[in-house]
Amino acid sequence: MAPSYVSEARRRGLGTRRERIGLVVERLAAEHSDAEIALNFGSDVELLISVMLSAQTTDVNVNRVTERLFVKYRRLEDYLAVPIEELELDVFQTGFYRQKAKAIRGAMTVLLEEFGGEVPRTIPELLRLPGVARKTANVVAAELGEAQGIVVDTHVRRISQRLGLTREDDPVKIERDLVKIVPKADWHRFPHLMIWHGRRVCDARKPRCEECVLAELCPAWRASTARG
């Protein structure tokens, strides 16, 4: 369980979560103006498959695999036309290849049978696809139209905790906290900003707080300097 800095923020007079969130988004947007999804895709279906493959691996690795995958499989039916073992081999490098190949075939089947071959836009509909959980549904919905929630990955969770925006550790509960304070207009870009900040500055083990545009808003940094 990560330490909670919610009370620390209040104790140090940093303002409420709602009061600070505007500055957090504003500063991150200025610092990471290029923040966007790092997966490469050329269609709605390719987006869905890329996000499904990204579980427990890096976006760079997924892009390396899909560069070949999307040349070989151009239609939804193509994923169903080959033996499952062949599809497993094609996604092998992303890890958990048996589960992912099974999920992709299941999702393609449901898309063809229930959605006319089109990727749905709403969270409830996306969750009907095999292998699609809340995080994947959030990513796909946001990229295809209107964000209906906030994606919570390891970077979003870590930085939200350090900033004292949540005291929760479970991604679903963290999302509930974030949607209460992040303006809906920022639900799409907020996780991208947090993810890129996590990759570039707020590292899990060695955060570069001296370079961080959020340092003065961050109770975790305040607490560490007080201890030092």
Q: With a 4.5 Å limit on heavy-atom distance, are the side chains of T57 and V62 in contact?
A: yes
Q: Is there a side-chain contact between L112 and L80, using heavy atoms and a 4.5 Å cut-off?
A: yes
Q: Please confirm whether the backbone N or O of S54 pairs with a side-chain atom of D59, one donor and one acceptor, at under 3.5 Å?
A: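 Pair absent, no side-chain N/O of D59 close to backbone of S54.
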Q: I'd like to know whether E143 forms a side-chain hydrogen bond (donor to acceptor under 3.5 Å, both in side chains) with H188, so could you lay out the CA-CA distance, the side-chain angles of the two residues, the decisive distance to 0.1 Å, and finally the verdict.
A: CA-CA 8 Å; E143 294 300 320; H188 182 191; 2.9 Å; yes
Q: Check whether any side-chain heavy atom of R176 sits under 4.5 Å from a side-chain heavy atom of V172, and report yes or no.
A: yes
Q: Taking the side chain as every heavy atom from C-beta outward, state whether T166 and L178 have any atom pair closer than 4.5 Å.
A: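 The answer is no, as the side chains (C-beta and beyond) never meet within the 4.5 Å cut-off.
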Q: As a test of understanding, state which of R134, K180, R157 forms a salt bridge (Lys or Arg N to Asp or Glu O under 4.0 Å) with E175.
A: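 Single pass found, and it is R134.
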Q: Go through it in stages, so that I can follow the logic: the residues are V51 and L39, the test is side-chain contact (heavy atoms from CB on, under 4.5 Å), and I'd like the CA-CA distance, side-chain angles, deciding distance and then a yes or no.
A: CA-CA 8 Å; V51 179; L39 296 170; 3.9 Å; yes
Q: When you measure from the side chain of R222 to the backbone N and O of E216, does any donor-acceptor pair fall under 3.5 Å?
A: yes
Q: Within the side chain of E8, is there an N or O that forms a donor-acceptor pair under 3.5 Å with the backbone of Y5?
A: no
Q: What I'd like to find out is whether the side chain of D90 reaches to under 4.5 Å of the side chain of R68, using heavy atoms alone.
A: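 D90 vs R68: side chains apart.
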Q: List the residues meeting ring-ring contact (aromatic ring centres under 6.0 Å, His included) with F96, not counting sequence neighbours, and say none if there are none.
A: none
Q: Take atom CD of E118 as the centre, draw a 6.0 Å sphere, and report whether it contains more than 12 heavy atoms from other residues, nucleotides or ligands.
A: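 Atom CD in E118 is not crowded, with 12 or fewer foreign heavy atoms closer than 6.0 Å.
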Q: Could you tell me whether K173 atom NZ has more than 12 heavy atoms of other residues or ligands within 6.0 Å of it?
A: no
Q: Please check if the side chain of N63 supplies one atom and the backbone of V60 the other of a donor-acceptor pair under 3.5 Å.
A: no
Q: Are any of the side-chain heavy atoms of L53 and T66 separated by less than 4.5 Å?
A: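 With C-beta onward as the side chain, the pair touches.
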Q: Only one of H197, R199, R189 clears side chain to side chain donor-acceptor pair (under 3.5 Å) with H32; which?
A: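 When side chain to side chain donor-acceptor pair (under 3.5 Å) is applied between H32 and each of H197, R199, R189, only H197 qualifies.
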Q: Looking just at side-chain N and O atoms, do D169 and Q161 make a donor-acceptor pair shorter than 3.5 Å?
A: yes
Q: Is the shortest side-chain N to carboxylate O distance from R121 to D44 below 4.0 Å?
A: yes
Q: Are L126 and Q148 packed together at the side-chain level, in the sense that at least one heavy-atom pair is separated by less than 4.5 angstrom?
A: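 A side-chain contact is absent here, since even the closest heavy-atom pair is not under 4.5 Å.
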Q: Please determine whether the number of non-hydrogen atoms from other residues, nucleotides or ligands lying under 6.0 Å from atom CD of E146 exceeds 12.
A: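 No - once you tally the heavy atoms of other residues, nucleotides and ligands closer than 6.0 Å, there are 12 at most.
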Q: Can you find a pair of side-chain heavy atoms, one from K135 and one from V152, that are under 4.5 Å apart?
A: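 No, every pair of side-chain atoms sits at 4.5 Å or beyond.
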